[in-house]
Amino acid sequence: MNEEHYQKLKEIIQIYLPEDVSVEAITPESNLVTELNINSANLVDIILDVEDSFDIMIEDADMDQMQTVKNALDIVEKKLAEK
């Protein structure tokens with residue numbers, strides 16, 4: 001796992017955390033929706049920010065696989081490797 005990418009992803013995610021979820025709750029295993037309580041609208045915003053931040057395109061099929069922080073990171077790293 002690329003620590004730099006993980007930190008960057010964590011910074012993006014924390015912007016959209018609801019008030020009742022702390023930044024410490026973000027771990028690679030955290031489920032974005034069920035554990036971090038990120039709603040679908042914010043999930044789309046996270047994807048857009050990730051695309052901008054990493055300069056990649058995330059397909060709908062990839063979005064469906066983004067269940068946990070680690071899933072999102074894996075997709076980011078796969079996209080970066082394909083560039």
Side-chain angles (χ1 to χ4, degrees):
M1 178 166 71
N2 182 313
E3 190 61 33
E4 187 183 329
H5 293 163
Y6 175 59
Q7 288 307 323
K8 203 170 180 183
L9 185 61
K10 208 168 149 178
E11 284 167 23
I12 292 169
I13 293 168
Q14 80 183 41
I15 297 167
Y16 299 100
L17 287 178
E19 287 176 15
D20 62 343
V21 180
S22 75
V23 174
E24 287 76 43
I26 303 173
T27 69
E29 289 73 38
S30 300
N31 184 295
L32 295 167
V33 177
T34 61
E35 291 174 290
L36 300 180
N37 296 340
I38 292 172
N39 65 35
S40 53
N42 283 348
L43 207 49
V44 171
D45 289 334
I46 288 172
I47 305 248
L48 294 172
D49 286 359
V50 165
E51 287 181 330
D52 287 347
S53 193
F54 290 97
D55 191 29
I56 55 174
M57 280 297 299
I58 296 175
E59 316 301 326
D60 290 346
D62 296 321
M63 261 187 251
D64 297 338
Q65 294 173 6
M66 277 197 188
Q67 305 294 313
T68 66
V69 175
K70 173 126 178 40
N71 293 152
L73 194 60
D74 289 344
I75 289 165
V76 165
E77 293 187 345
K78 187 179 122 209
K79 295 288 178 189
L80 288 171
E82 289 171 0
K83 281 179 75 171

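We're numbering straight along the sequence, starting at 1. The basis for the numbers below is simple: all heavy atoms, side chains too, and nothing from hydrogens, waters or symmetry mates.
- Applying the ring pair (Phe, Tyr, Trp, His ring centres under 6.0 Å) test to Y6 and every residue at least two apart in sequence or in another chain returns nothing.
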I would like to know whether V50 and I75 meet side chain to side chain contact (heavy atoms under 4.5 Å, CB included); could you show each step before the answer?
-> CA-CA 11 Å; V50 165; I75 289 165; over 6 Å; no
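- Considering all non-hydrogen atoms of both residues, S53 and I12 come closest at CB-CD1, 3.8 Å.
- Linking ILVMFWY side-chain heavy atoms closer than 4.5 Å, directly or via other members, places L73 and M57 in two distinct hydrophobic clusters.
- When all heavy atoms of S30 and A25 are compared, the closest pair comes out as OG-O, 2.7 Å.
- Residue pairs meeting the salt bridge (Lys or Arg N to Asp or Glu O under 4.0 Å) criterion with at least one partner in residues 3-32, sequence neighbours excluded, are absent.
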Given side chain to side chain contact (heavy atoms under 4.5 Å, CB included), test Q65 with N71 step by step and report yes or no.
-> CA-CA 7 Å; Q65 294 173 6; N71 293 152; 5.6 Å; no
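- Of the options D45, D49, N42, a side-chain hydrogen bond (donor to acceptor under 3.5 Å, both in side chains) to Y16 is made by D49 and by none of the others.
- The minimum heavy-atom distance linking N31 with V33 is given by the pair OD1-N, 2.9 Å.
- Salt bridge absent: D74 and K78 never bring a charged side-chain N and a carboxylate O closer than 4.0 Å.
- When hydrophobic clusters are built by joining Ile, Leu, Val, Met, Phe, Trp and Tyr residues whose side-chain heavy atoms come closer than 4.5 Å, directly or via intermediates, I15 is not grouped with V44.
- Atoms OG and CD1, from S40 and I46 in turn, are 11.0 Å apart once rounded to the nearest 0.5 Å.
- Just one residue in the list K79, E82, E77 forms a side chain to side chain contact (heavy atoms under 4.5 Å, CB included) with I56, and that residue is K79.
- The ring-ring contact (aromatic ring centres under 6.0 Å, His included) contacts involving residues 63-83 comprise nothing, where partners must be two or more places apart or lie in separate chains.
- Cluster membership check: L80 shares its hydrophobic cluster with I58, using side-chain heavy-atom separations under 4.5 Å among Ile, Leu, Val, Met, Phe, Trp and Tyr.
- Closest non-hydrogen pair, V69 versus L9, comes out as O-CD2, 3.7 Å.
- In this structure, V76 and N2 have side chains that are not in contact, with every pair of non-hydrogen atoms separated by 4.5 Å or more.
- The shortest side-chain heavy-atom distance between M66 and I47 falls under the 4.5 Å cut-off.
- L43 approaches I38 most closely through the heavy-atom pair N-CG2, 3.7 Å.
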